[in-house]
Amino acid sequence: MPAEESFYQKIYEVVRRIPEGKVTSYGAIAEFLGRKGSARMVGYAMNNSHNQLVPVPAHRVVNRNGLLTGKHHFNPPELMAQLLENEGVTVIDDKVQDFNQVFWNPK
DNA sequence: TTGCTGACCGACG
DNA sequence: CCGTCGGCCAGCA
């Protein structure tokens, strides 16, 4: 049996599954991992995403409102919205437009 | 082991 | 509309 993966690894794995032009929410990932209500863990894991050897598209993860709450952790902060728009996701005032249409549920 | 932190969410007034 | 609080729990000093 393979070595047991940390929750962080599982989170990163889910985030990598997000297709281009799609986004998901912290709560959705937390719920998918069976830790519904602990969306904080997802965000906290994202903070460590830079520590991963494999790139993690953290810019595709937004909060429940479709707001780019984690943009301040990017360098530069505008990069998050720019990456999303580069993939076809419209971002206005740090908020994802047509959120229900670009929302991707892990499964 | 204990205590603190946090890129969230929902409820309350 | 706005601020505040509780809950959730892995990681770290």
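For clarity, every value in this text was computed on a predicted model and none was experimentally measured. In what follows, every heavy atom counts, from backbone to side chain, and hydrogens, waters and symmetry copies are set aside.
- Rounding to whole angstrom units, CG of residue A:Leu33 and P of C:dC8 are separated by 17 Å.
- Side-chain contact between A:Met46 and A:Tyr26 is present, with at least one heavy-atom pair separated by less than 4.5 Å.
- Counting heavy atoms from C-beta outward, A:Arg60 and A:Thr24 have side chains that stay 4.5 Å or more apart.
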- Tell me, for nucleotides 7-13 of chain B in 5' to 3' order, what letter each nucleotide earns: B for a base near a protein heavy atom under 4.0 Å, S for only sugar-phosphate near one, - for neither? BBSS---

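- Atom CG of A:Asp94 and atom CD of A:Glu78 lie 9.0 Å apart (nearest 0.5 Å).
- At distances below 3.5 Å, not a single donor-acceptor pair connects side-chain atoms of A:Asp93 with backbone N or O atoms of A:Lys95.
- With sequence neighbours excluded, the residues forming a side chain to side chain contact (heavy atoms under 4.5 Å, CB included) with A:Arg35 are A:Phe7, A:Ser38, listed by chain and number.
- A pairwise comparison of heavy atoms in A:Pro77 and A:His72 identifies CB-CA, 4.4 Å as the closest pair.
- Residues satisfying the salt bridge (Lys or Arg N to Asp or Glu O under 4.0 Å) criterion with A:Glu13, sequence neighbours excluded, are A:Arg17.
- Here A:Val91 is tied into one hydrophobic group with A:Val23, A:Val62, A:Leu68, A:Phe74, A:Leu79, A:Met80, A:Leu83, A:Leu84, A:Val89, A:Val96, A:Phe99, A:Val102, A:Phe103, each link being a pair of ILVMFWY side chains closer than 4.5 Å.
- Residues of residues 89-107 of chain A that place a heavy atom closer than 4.0 Å to DNA chain B do not occur.
- Residues from residues 7-17 of chain A that place a heavy atom under 4.0 Å from any atom of DNA chain B: there are none.
- Using a 4.5 Å heavy-atom threshold, the side chains of A:Val54 and A:Tyr12 count as separate.
- Minimum interatomic distance between A:Ser49 and A:Ala58 (heavy atoms only, all atoms of both residues): OG-CB, 4.4 Å.
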